[in-house]
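Remember, it's a predicted structure, so these values are computed and weren't measured experimentally. Residue indices begin at 1 and follow the sequence shown.
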Amino acid sequence: QVQLVESGGGSVQAGGSLRLSCAVFGYTYPSRCMAWFRQVPGKGREGVAVIYTGDGTTYYVDSVKGRFTISQDNNKDTVYLQMNSLKLEDTAMYYCAAMYAPSSRNCGRWEAFGTWGQGTQVTVSS
């Protein structure tokens with residue numbers, strides 16, 4: 001059974017940095033889309049970054065481009081989200097998600113992600 005376990009959230013002042021980690025357990029397929037989503041109370045989950053583990057292709061939403069970096073370790077069983085220049089509006093619960101995909105072209109289908117972690121809170125203060 002696939003399990004995703006996030007860590008690394010916390011509180012930081014605006015302009016600061018945090019790195020989130022997502023450990024992947026039990027995933028049979030080596031090539032998959034791994035994404036980070038975030039959610040604030042009263043709103044739906046927003047996909048912010050995705051990486052295709054097969055070739056390292058990445059994609060970011062405009063609001064985090066140039067500030068966030070998604071990456072994976074060499075074993076492809078941990079995915080990271082390095083968040084720099086954090087803003088107040090980055091405050092949210094952050095979730096790791098996974099989806100099997102034959103190519104990176106499928107990774108932009110945010111609605112298709114079906115395996116989720118428990119989430120880790122990120123709070124940015126002024």
Side-chain angles (χ1 to χ4, degrees):
Q1 184 171 347
V2 178
Q3 187 178 10
L4 307 178
V5 180
E6 301 103 330
S7 60
S11 298
V12 65
Q13 287 192 319
S17 299
L18 281 174
R19 189 175 83 155
L20 306 182
S21 299
C22 173
V24 183
F25 301 94
Y27 212 105
T28 303
Y29 304 104
S31 295
R32 57 189 178 269
C33 302
M34 296 293 303
W36 286 96
F37 288 71
R38 62 188 180 188
Q39 186 174 25
V40 297
K43 293 189 177 182
R45 288 184 186 181
E46 172 195 27
V48 297
V50 64
I51 186 168
Y52 184 62
T53 62
D55 60 12
T57 299
T58 59
Y59 173 78
Y60 303 89
V61 294
D62 288 345
S63 59
V64 306
K65 280 182 182 177
R67 301 189 299 120
F68 290 12
T69 303
I70 189 169
S71 62
Q72 60 181 343
D73 69 350
N74 290 336
N75 294 327
K76 302 179 182 180
D77 56 8
T78 303
V79 175
Y80 305 98
L81 185 68
Q82 178 67 43
M83 304 184 295
N84 298 328
S85 301
L86 282 161
K87 304 177 180 180
L88 297 179
E89 53 264 40
D90 294 319
T91 294
M93 183 71 79
Y94 283 72
Y95 296 90
C96 178
M99 172 178 65
Y100 166 72
S103 77
S104 62
R105 291 176 296 177
N106 303 88
C107 291
R109 297 176 56 220
W110 300 113
E111 72 283 357
F113 282 85
T115 301
W116 298 88
Q118 81 287 352
T120 185
Q121 178 68 36
V122 172
T123 302
V124 184
S125 60
S126 59

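Considering only heavy atoms from C-beta on, Asp55 comes within 4.5 Å of Ser104 through its side chain. Between Gln121 and Thr91, some side-chain heavy-atom pair lies under the 4.5 Å cut-off. Using a 4.5 Å heavy-atom cutoff, the side chains of Thr69 and Tyr80 are not in contact. The shortest side-chain heavy-atom distance between Ser63 and Glu89 does not fall under the 4.5 Å cut-off. Between Tyr95 and Leu4 there is no side-chain heavy-atom pair separated by less than 4.5 Å.
Rounded to the nearest 0.5 angstrom, Glu111 CD and Arg45 CZ are separated by 14.5 Å. In this structure, the separation between CD on Gln82 and CG on Leu18 is 8.5 Å, given to the nearest 0.5 Å. Between the OG atom in Ser31 and the CG atom in Asn106 there is a gap of 11.5 Å [rounded to 0.5 Å]. Here CD of Gln72 is found 10.5 Å from OG1 of Thr58. Values are rounded to the nearest 0.5 Å. To the nearest 0.5 Å, atoms CE (Met34) and CG (Leu81) are separated by 11.5 Å. For the atom pair CZ of Arg19 and OG of Ser7, the computed distance is 9.0 Å after rounding to the nearest 0.5 Å.
Between the side chain of Arg67 and the backbone N or O of Ser85 there is at least one donor-acceptor pair closer than 3.5 Å. Of the possible donor and acceptor atoms, one in the side chain of Glu6 sits under 3.5 Å from a partner among the backbone N and O of Gly119. Between the side chain of Gln39 and the backbone N or O of Ala92, no donor-acceptor pair lies under 3.5 Å. A side-chain donor-acceptor contact under 3.5 Å links Thr53 to the backbone of Arg32.
Linking Ile, Leu, Val, Met, Phe, Trp and Tyr whenever their side-chain heavy atoms come within less than 4.5 Å puts Leu88 and Leu20 in one cluster. Under the 4.5 Å side-chain heavy-atom criterion for Ile, Leu, Val, Met, Phe, Trp and Tyr, Met83 and Val40 are members of distinct hydrophobic clusters. Under a hydrophobic clustering in which Ile, Leu, Val, Met, Phe, Trp and Tyr are joined whenever their side-chain heavy atoms come within less than 4.5 Å, directly or via other members, Val50 and Tyr52 fall into different clusters. Linking ILVMFWY residues whenever their side-chain heavy atoms come closer than 4.5 Å, directly or via other members, leaves Val5 and Ile51 in distinct clusters.
Annotation for Gly9 and Val122: closest pair CA-CG2, 4.2 Å, computed over non-hydrogen atoms. Residues Cys33 and Phe113 share a closest heavy-atom pair of O-CE2, 3.4 Å.
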For Trp116 and Cys96, run side chain to side chain contact (heavy atoms under 4.5 Å, CB included): C-alpha distance rounded to whole Å, both residues' side-chain angles, the deciding distance at 0.1 Å, then the answer.
CA-CA 6 Å; Trp116 298 88; Cys96 178; over 6 Å; no
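By the 4.0 Å N-to-carboxylate-O rule, Lys87 lies too far from Asp90 to be salt-bridged with it.
Below 30°, between 30° and 60°, or above 60°: for Phe37 and Trp110 the angle between ring planes is above 60°, a perpendicular geometry.
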